[in-house]
Amino acid sequence: MAIVEVCNVDMNYHNMKGVTEAIKDINFTVDEGEFISIIGPSGCGKSTLLNIISGLIEPSKGVIKYKGSIVKDNLDKVGYMFQKDYLFPWLTVKDNVLIGLKIKKLLTKENIAFTESLIERYGLKKFENHKPQELSGGMRQRAALIRTMALKPEILLLDEHTAALDPKTSIKIMDITDKIIDEKKITTLMVTHNIKQ
Ligand code: ADP
C-alpha cells in the first residue's frame with residue numbers, strides 16, 4: 001500500500017532575478033516499509049522535493065498525500081534529518097535528544113527507555129551529559145538522528161545527513177540507522193548525490 005503519494009509536483013522559486021524552475025511534474029508513490037534513494041547532482045532539486053514531501057514548503061503545483069490524506073494533517077508522522085544537526089548548544093546531548101518528546105508531551109517511561117536504548121546503540125552513552133560543542137561532527141549527527149528516531153516516525157526523510165562527515169564515520173552511522181529502519185520498518189526516503197551510499 002502506498003504510504004506517500006507525490007502527485008504532479010512542480011516547484012518554482014521566484015526572486016528579483018526571475019524564476020528558478022527547481023522541479024517539474026514529479027510523480028511517484030512510496031509503499032509502506034520501502035527504502036527509496038533519490039540520487040542526482042547538486043542543484044537538481046532533491047532538497048526541494050524532500051522539503052515539499054515533509055510539508056516544510058508548499059509546492060507551486062501538485063500535492064503530497066500520506067495514506068490518502070494531505071501532508072499537513074500528518075506532520076507528526078514524519079521525521080526529517082538534515083545535513084546540519086541543529087542541536088541546541090545550551091542543552092546536553094540527553095536533553096537535546098529528548099526535546100521532541102518533551103515538546104509533544106510524550107515523555108513517557110517507555111519513550112524515555114526507547115531513547116536511552118538509541119543513545120546506547122549510537123554509542124553516545126558516555127557523552128549524554130556533554131554539550132554539543134564538546135562533540136565531534138559525527139557524534140553531533142548521531143545525536144540529531146537519535147532526536148529524530150526518538151519520535152518513532154512512520155516516514156523518515158534523510159537529506160544527505162552524513163555528507164559532511166568522513167567516509168568511515170558516515171558508513172558507521174548509516175549502518176546503525178539502517179538496522180533501526182529495518183527493525184522498526186520505517187518507510188524511508190534518502191536524498192544523496194553519492195551513488196555509493
Ligand atoms: P539539490 O538538493 O539537488 O542540491 P535544491 O533543491 O537545493 O537542489 O535546489 C534546486 C534549485 O532550486 C537550484 O537551482 C537552487 O539554486 C534553487 N533553489 C533552492 N532553494 C531556493 C530558494 N529558497 N530560493 C531560490 N532558489 C532556490
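Here, residue 1 is the first one in the sequence, and each next residue gets the next number. Order of listing sets the numbers, starting from 1, for every ligand and every atom in it.
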Against V6, only a single residue in V63, I53, N27 fulfils side chain to side chain contact (heavy atoms under 4.5 Å, CB included); can you say which?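 One option only clears the test, and that one is I53.
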
Heavy atoms of other groups near K84 NZ, more than 12 under 6.0 Å: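 For K84, atom NZ is not crowded (no more than 12 foreign heavy atoms under 6.0 Å).
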
K152 NZ: over 12 foreign heavy atoms closer than 6.0 Å: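 For K152, atom NZ is crowded (more than 12 foreign heavy atoms under 6.0 Å).
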
Would you check if L124 and M139 make a side-chain contact, meaning some heavy-atom pair closer than 4.5 Å?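 Yes, their side chains come closer than 4.5 Å.
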
Measuring from atom CD of E160 to atom OG of S42, what distance do you get when rounded to the nearest 0.5 angstrom?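 One gets 6.5 Å once the value is rounded to the nearest 0.5 Å.
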
For a quick check: using heavy atoms under 4.0 Å, what are the residues in contact with ligand 1, sorted by chain and number?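 Answer by chain and number: Y13, T20, A22, P41, S42, G43, C44, G45, K46, S47, T48.
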
Going by side chain to side chain donor-acceptor pair (under 3.5 Å), name the pairs with one or both residues in residues 179-191, residues two or more places apart or in two chains.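 Those involving residues 179-191 are R121-E183.
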
